[in-house]
Amino acid sequence: MINKKDIEARNQTNPEPLEVTKTRALITDTFKDLEFIEETHQYFVGEDELPPVSTVCHGFQPYVDWDSIAENKAAKLGIPVETLKEDWHKKNITSTSCGSKTHWFGEQMMNLFIGREVQLPFQYTSDGYMIPYAPKEKAIEAYWESILSNPRVYPVMPEAKIYLREIEGIKIMKPYAGTFDILMAYKMGDGRIAYSIHDYKSNVDLKNDFNRFKGNHLLEPFTDLIDEPLSIYSIQLSLYQLGLQQLGLEIVDRNLIWLKEDGTFDKVPVPDLTERLLKTL
């Protein structure tokens with residue numbers, strides 16, 4: 001398990017560069033007027049409501065008639081369609097709740113790294129240990145152990161909230177706001193500081209075998225991508241990237257941190273889709 005003393009020792013022998021500290025302040029100050037209402041998942045800048053990144057992403061997916069799918073499946077199972085929909089709803093609520101708890105644990109782990117107050121008293125012991133209980137929390141711990149041992153990586157901030165309404169003086173026709181889990185700073189070989197967006201994902205699978213078999217793709221300009229979580233998340237992280245690029249930050253990569261039920265994780269790099277997005281936004 002990770003202990004606060006291990007992190008303090010790392011920070012003492014390898015303190016974060018001043019540029020990283022300034023970047024954290026820059027992001028916080030730039031987007032300080034962004035209000036997020038968690039209960040309804042709404043973002044506001046002043047009186048203007050901005051759609052979340054997820055809404056923009058889903059706009060690239062073909063329409064699916066879930067009512068017809070539910071009716072057909074309920075008929076095959078011999079149960080009322082309302083019963084099937086209620087079962088789907090309960091599973092979604094359970095998945096969302098577990099996912100939120102897992103993300104919360106990850107946020108507190110990063111707070112430990114950057115010296116912020118940890119807000120999980122029942123999992124943060126008096127002698128400085130973070131205690132993972134669920135398998136995906138153990139996967140998060142394994143991820144942070146990999147960061148602890150890498151002296152060229154510096155955590156910047158968790159739960160970074162950004163928005164994009166214009167870029168380089170050009171108004172975006174589809175403005176948006178969003179929150180991503182982790183911003184990391186890399187010390188590159190030439191000494192410069194560049195940045196990487198990491199986002200926890202707890203899906204059972206990132207691919208969709210059915211859509212791959214059927215050849216079901218996303219809409220323009222992503223008709224080369226299969227309609228599946230991996231493609232949607234690739235778009236999602238590029239949308240976050242645009243929000244940071246407007247600050248002049250160099251984003252060198254984007255990674256999904258795929259948390260698994262066996263307590264391990266995969267770091268899954270996703271492509272840069274920002275140029276294609278700018279043509280549609």
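We count residues from 1, following the sequence as given.
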(Q) What verdict does the side chain to side chain donor-acceptor pair (under 3.5 Å) test give for T102 and Y200, after you've listed the backbone C-alpha separation in whole Å, the side-chain angles of each residue and the deciding distance to 0.1 Å? (A) CA-CA 9 Å; T102 299; Y200 297 125; over 6 Å; no
Q.
I'd like to know if the side chain of N208 reaches the main chain of I226, judged simply by a donor and an acceptor atom lying under 3.5 Å from each other, with no hydrogens or angles considered.
A. no
(Q) Checking Y163 against F31 for the ring pair (Phe, Tyr, Trp, His ring centres under 6.0 Å) test, could you report, in this order, the C-alpha distance in whole Å, the side-chain angles of both residues, the deciding distance, and whether it holds? (A) CA-CA 7 Å; Y163 63 82; F31 302 112; 5.2 Å; yes
Q: Count the heavy atoms of every other residue, nucleotide or ligand shown that sit under 6.0 Å from NZ of K201, and state whether that count exceeds 12.
A: yes
Q. Which of parallel (below 30°), tilted (30 to 60°) and perpendicular (above 60°) describes H41 and F36?
A. perpendicular
Q | Main-chain N/O of I114 paired to R24 side chain as donor or acceptor, under 3.5 Å | A | no
Q.
List the residues meeting ring-ring contact (aromatic ring centres under 6.0 Å, His included) with F180, not counting sequence neighbours, and say none if there are none.
A. Y240
Q | T13 side-chain N/O to R10 backbone N/O, donor-acceptor pair under 3.5 Å | A | yes
Q: Quick one: closest heavy-atom pair of I2 and E141, and the distance?
A: N-OE2, 3.3 Å
Q: Considering non-hydrogen atoms only, spot the tightest contact between G178 and V53 and give its length.
A: CA-CG2, 3.9 Å
(Q) Under the criterion ring pair (Phe, Tyr, Trp, His ring centres under 6.0 Å), I'd like the reasoning laid out for F265 against W258: C-alpha separation, chi angles, the key distance, then a yes or no. (A) CA-CA 5 Å; F265 74 96; W258 185 21; over 10 Å; no
Q. Side chain of R254, backbone of P269: donor and acceptor closer than 3.5 Å?
A. no
Q | Candidate pair Q245 and T274, rule side chain to side chain donor-acceptor pair (under 3.5 Å), full reasoning | A | CA-CA 10 Å; Q245 283 182 176; T274 54; 4.6 Å; no
Q: For the pair F60 and T280, evaluate side-chain contact (heavy atoms from CB on, under 4.5 Å) and give the outcome as yes or no after the intermediate values.
A: CA-CA 10 Å; F60 297 111; T280 66; 3.8 Å; yes
Q. Do K22 and D29 pass the salt bridge (charged side-chain N to carboxylate O under 4.0 Å, His left out) test, and can you show the C-alpha distance, the side-chain angles, and the key distance before you say yes or no?
A. CA-CA 10 Å; K22 289 182 176 179; D29 185 63; over 6 Å; no
Q: Using a 4.5 Å cut-off on heavy atoms from C-beta on, say whether the side chain of I197 contacts that of I182.
A: no
Q) Would you say the side-chain atoms of D227 pair up with the backbone N or O of H217, donor to acceptor, closer than 3.5 Å? A) no
Q. Donor-acceptor pair, E137 side chain versus Y133 backbone, under 3.5 Å?
A. yes
Q: Answer yes or no: is there a donor N or O on one side and an acceptor on the other, between the side chain of Q108 and the main chain of F105, under 3.5 Å?
A: no
